[in-house]
Amino acid sequence: MTEPTKVTVVVRRRPSIADPQGATVTRALRDLGYTVDGVRIDKIITLTVDGAGDVTQQVTEMCERLLANPVMEDYEIRIGS
Amino acid sequence: MTEPTKVTVVVRRRPSIADPQGATVTRALRDLGYTVDGVRIDKIITLTVDGAGDVTQQVTEMCERLLANPVMEDYEIRIGS
Amino acid sequence: MPETAPLHRALGMTDEEFEDVCDILGRPPSNAELAMYSVMWSEHCSYKSSRAHLGRFPTEAPWVVVGPGENAGVVDLGDGWLAALRIESHNHPSFVEPYQGAATGVGGILRDVFTMGARPIALWDQIRFGSLDEPRNRYLFSGVVAGIAGYGNAVGVPTVGGEVVFEECYSGNPLVNVMCLGILRRDQLVLGTAGRPGSVAVLLGASTGRDGIGGASVLASASFDEESGAKRPSVQVGDPFEEKKLIEACLELYQHGLVVGVQDLGAAGLSCATSEPAARAGMGMDVDLDRVHVREAAMTAPELLMSESQERMMAFVDPAKVDAVLAVAAKWEVDASVVGEVKAGGTLTVRHDGKVVAEIPAASLSENAPVYHRPSGEPFWLEDLWTNTLEYLQSPDVGAALLQMLDDPSIGDPSWAYEQYDHMLFLNTVVGPGHDGSLLRIKGTSKGLAVSTDGNGRHCYLDPRRGGARLVFEAALNVAMTGARPLAVVDNLNFGNPEKSEVMWQLIETIEGISEACESLDIPVIGGNVSLYNETDGQDIYPTPVVGLLGMADPIPESPPRLDRATAGMEVWMLGPRHSRNLAGSAFEKVVKGHVGGRPDAPDATMARAVMELATTLAADDLAPAMHDISDGGFAVALAEICIASGIGATVAFTSWIGLFAENPHRFVAAVRPEDADRVAALADDAGVSVSRLGTFGGEALVLDNQGPEATSISVADLADTWRNAIRRRMHVS
Amino acid sequence: MTTAVVVFPGSNCEHDVVYALESVGGSAELVWHRETDLSAFDSVVLPGGFAHGDYLRTGAIARFSPVMDEVARLAADGHPVLGICNGFQILCEAGLLPGVLLQNRDLTFICRPVHLRVESTASILTRSATVGEVLEIPLNSYEGNYTADDETLAASADQIMLRYCASDGTVADAHNPNGSSDHIAAIANRAGNVAGIMPHPERAIEDLLGSSDGRILLESFVASVGAVHA
Ligand SMILES: Nc1ncnc2c1ncn2[C@@H]1O[C@H](COP(=O)(O)OP(=O)(O)O)[C@@H](O)[C@H]1O
Ligand SMILES: [Mg+2]
């Protein structure tokens, strides 16, 4: 029985894929008078993994299966908070 | 005229506020056989700020005004990628 | 300083109310008990300022199955069908957080309806904001609409109608009222009763967290540091997914007759969901807070009792059926826990950590709640307001005025809002948003349900009694124009600060007006909601009652009137009283002259009924393919809206330009086929309704002609473009 | 034989779909998402709604529902499998159809009738329709923006069944409600037995409700039931 491990996963939409939300926020910020560029809004997922086994491998599996969509997203795993 | 600066903002819903999405994903991961807990899904925003002035202060302002919802979210600013 | 201030005051209780509690208990209350009384005796839950006056509403009719007092009103539709209807406001939460405030408002009204055993089939939203020229109001408007869409669409109940209005007085205090209609078979009606001794209380749905209990913080053991403040969010998050599962689970429970009674958990959460059903049944209850499924650790008894966590229901179950109930919950993936047992004798006993934390007469929380007879008096400024009328020395540019009104966001196309709502789910929407009343069919029957929701703060500000009455007549006419006859009314009374005598006067006058109108049409009021303290910096909103009226058409017309059914060659008729000359409170004076003053005409109950019944006949027999009631903007706007929707022009004669814009009640515009003209005229004559045959549909322009300098012609394309963009251009979309 | 209409927690168009299929002569039955045996069925519809609240990504959680193995089997065996709106999103997440569905270009939910041009009849959704024909069918989605990278689009060009268009059939950005790549409103797999459509044909089956143009698509589906496309 291992210790619970805090894990952070950042899921990013591929740059090649349109990001309407980022585009809208860029526009909104410019309307407010800021000179900003390339706003992107992605997901940051935090969770604690409990139980035996290689955590990194488990989380990679979670990403491949559920947390990210390989067709349009890349992910990045950070173990420990 | 300053250099464009890369900025990362993490916007998190306050822990005390219900997070149905996190709860649902927790259940889904458990159904897939993982022993996970307290999944939370938040936003990570990346942007480049161009133009003069104190970047941190500008981005703080953006968070207060647009990027975060002060009544239910906290934010965390990281300057430089 | 919180430490020294008496707890009851920190909870918003007056010293007198606190004394009452002590008298009821014969001792000072425990913290948990104080928590329960404070929420149950709040304005929101107890209606303590308005209750003394709500009794005025007529609530009886042979077809009323359940009147005011239960979670929703219920009427009999015949052939074993019942309809449940309720309206609710979520004004203050929507100001704090528009998306979640509106979303949880939708969740709440749905629970009120499926608590009765009904499947919710449609929603209506009545939303009011300040000017769209202010960014804050655009933020509130788009947030509220997104919240209604986000929750209603996902939970799977179509939003088929409503009203969007913009007035300065709502700038610091938007109004978000939502109404829900459900249908059920007679044998599935469920009431909010706890049933017999031994019945088991099963808490279904979302786990309980520290939601909406800011006030309880003073009762919590935790210290008053930053972090404990953060522990008690005032913003609540809706979960339409949980609610959807809860709806399906509850409907299955009703179907298999597994529950004795059901009560939703709204404001006052567990305090209300235990005490009210017990009181209704003349029972008491033992409640064990340790068995409540929770979202957060270490919640105190007061927190558990006051929590307003969303998407929760309390079912009262015969002990033999508990397992079956838990099985249904499990199937729908809804959490459930047995939290109490009904006892004879009327005492509500609450345990936490194994200790008794509250022991009170269940009925005292609702039945002994304070009732205030607050002072009321006619506003000193009313006379001035009535005499403050505009004198028109010369006539305006009629065409420019019309375009200016069509460009007003309160009159212009609201589809920016309703196209974000699923308004088609369930395949019942025969007449949806974009017309006057909505018309929904009930599959497998010949019946159609018609609904109209109407409000008019400006008229009610100028004369709350006349304004209130006219809303009922407008809604009834809108419903009649779908071929239906009125069955019942629900009302949402949005008012300012009741501690001001003029606000109380407005409230009482409005109730009188609505009541008189309902009596004259024999329509019972079967439910409603009161929202007070709608003010900013001491500035009260206009008195803004919203009326929701339900009617039934049986059989449902095969081709009900629609704004888009006018075609070339049809005649333009105006049915109802002629010579309307009163511009008081009209969109014309507000939008074109920037003026609000004078006194709107009193309604005429006899004429209202005559016009209503005529409209019903014309709609049922398809004698007027397009009909539109004359309300905001008067005849000119009503006709323009038909031209725009039908994509066709019209040429009409007029005598007085004022008649084009006056908003006098009991009138509607109709497109009549020449071959039906005699028949329509005869029907109107029998009904005692005067008709004005004003012109003909055709061409590509709306021509308003008085053989004089006021005559004008505007292409329908220009009318449509202006109307269509009134809201869109202000929201920066095209 | 009977069509299985799958009910996920959060589905909400299931009853409408059954009603619509029956109204075009089909027969359909609701099946709970935990069902693991669809051998009694030879076709399946994944209806619209918000399975699992659309949380994380629309369709992401639903594709792991126990019933999905059977859906995949029916698809592989060439039986008709249709995803409408949320069902389309689920089929994409499950890899049974190419591409993904993202938020609408303007980030608002869209509920209104749109016009669709029939591009191909080589699928269970369009076989009874005519190429070039224009249909008016309600759209009702927030994530209706069909997106795929260029290779995928190139590879699946002849799998496009319906495109958003004007009432006269013109295809152009001005008539693309949600920003979908290549104006795609419906797409099928190579064999044509698995199809996904974003608008709701079941909402356009009676003139009383505004349009009957959806019938031809549902009739295509019903006509395909029993026939195996391998
Ligand atoms: N917030 C809303 N949600 C849904 N439908 C709306 C909303 N606001 C207006 N509508 C619909 O748009 C149509 C026109 O609205 P409105 O201008 O208030 O009608 P009227 O002028 O007849 O009162 C009505 O059918 C109404 O149901
Ligand atoms: Mg109206």
Side-chain angles (χ1 to χ4, degrees), chain A residues 1-13 15 19 21-68 73-78 81, chain B residues 1-13 15 19 21-69 73-76 78 81:
Chain A
M1 193 61 194
T2 57
E3 273 297 288
T5 324
K6 262 200 157 302
V7 181
T8 306
V9 179
V10 174
V11 178
R12 289 207 164 80
R13 195 175 279 182
D19 174 20
Q21 214 181 343
T24 311
V25 173
T26 310
R27 232 177 296 114
L29 284 172
R30 288 181 182 161
D31 286 353
L32 290 176
Y34 303 100
T35 30
V36 297
D37 212 351
V39 180
R40 290 199 70 97
I41 301 182
D42 296 299
K43 282 186 228 139
I44 179 161
I45 305 173
T46 50
L47 65 159
T48 36
V49 182
D50 197 344
D54 176 341
V55 173
T56 316
Q57 180 220 314
Q58 278 184 53
V59 178
T60 310
E61 208 179 275
M62 295 181 208
C63 290
E64 290 291 334
R65 294 177 69 187
L66 178 66
L67 299 181
E73 294 170 324
D74 300 318
Y75 58 89
E76 183 188 307
I77 300 172
R78 227 173 308 117
S81 31
Chain B
M1 194 59 191
T2 57
E3 273 299 288
T5 325
K6 261 202 158 304
V7 181
T8 308
V9 179
V10 174
V11 179
R12 288 204 161 85
R13 184 173 290 184
D19 176 20
Q21 171 159 252
T24 308
V25 173
T26 307
R27 222 173 298 117
L29 284 169
R30 288 181 183 162
D31 282 355
L32 291 178
Y34 304 101
T35 27
V36 296
D37 212 349
V39 179
R40 297 202 61 109
I41 300 174
D42 297 298
K43 271 182 277 168
I44 181 163
I45 306 171
T46 50
L47 65 159
T48 36
V49 182
D50 197 343
D54 176 342
V55 173
T56 316
Q57 182 219 312
Q58 279 185 54
V59 177
T60 310
E61 217 177 86
M62 296 182 206
C63 290
E64 291 293 334
R65 293 176 67 184
L66 184 77
L67 299 181
N69 180 348
E73 295 172 326
D74 299 320
Y75 57 89
E76 184 187 308
R78 228 173 309 117
S81 31

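Here is how names work: the chains are called A, B, and so on, in the same order as the sequence lines, proteins then strands, and each is numbered from 1.
Contact annotation for A/Leu66: only side-chain heavy atoms (C-beta onward) come within less than 4.5 Å of a heavy atom of chain B. Of the atoms belonging to B/Val39, heavy atoms from both backbone and side chain fall under 4.5 Å from chain A.
Among the candidates A/Ile44, A/Thr26, A/Ile45, the residue making the largest number of heavy-atom pairs closer than 4.5 Å to chain B is A/Ile44. Of the residues considered (B/Thr46, B/Leu47, B/Val11, B/Val10), B/Thr46 shows the highest number of contacts with chain A, using heavy-atom pairs under 4.5 Å. Note: A/Thr48 leads A/Val36, A/Leu67, A/Thr48 in heavy-atom pairs under 4.5 Å with chain B.
A salt bridge is absent between B/Asp37 and A/Lys6: the closest approach of a Lys/Arg side-chain nitrogen to an acidic carboxylate oxygen does not fall below 4.0 angstrom.
Every residue meeting the salt bridge (charged side-chain N to carboxylate O under 4.0 Å, His left out) condition with B/Arg65, not counting sequence neighbours, appears here in chain and number order: B/Glu61.
Separating the CZ atom in A/Arg27 from the CG atom in A/Leu29 is a distance of 11.5 Å, to the nearest 0.5 Å. With values rounded to the nearest 0.5 angstrom, A/Ile77 atom CD1 is found 3.5 Å from A/Thr60 atom OG1. Between the CD1 atom in B/Ile41 and the CZ atom in B/Arg12 there is a gap of 12.5 Å [rounded to 0.5 Å].
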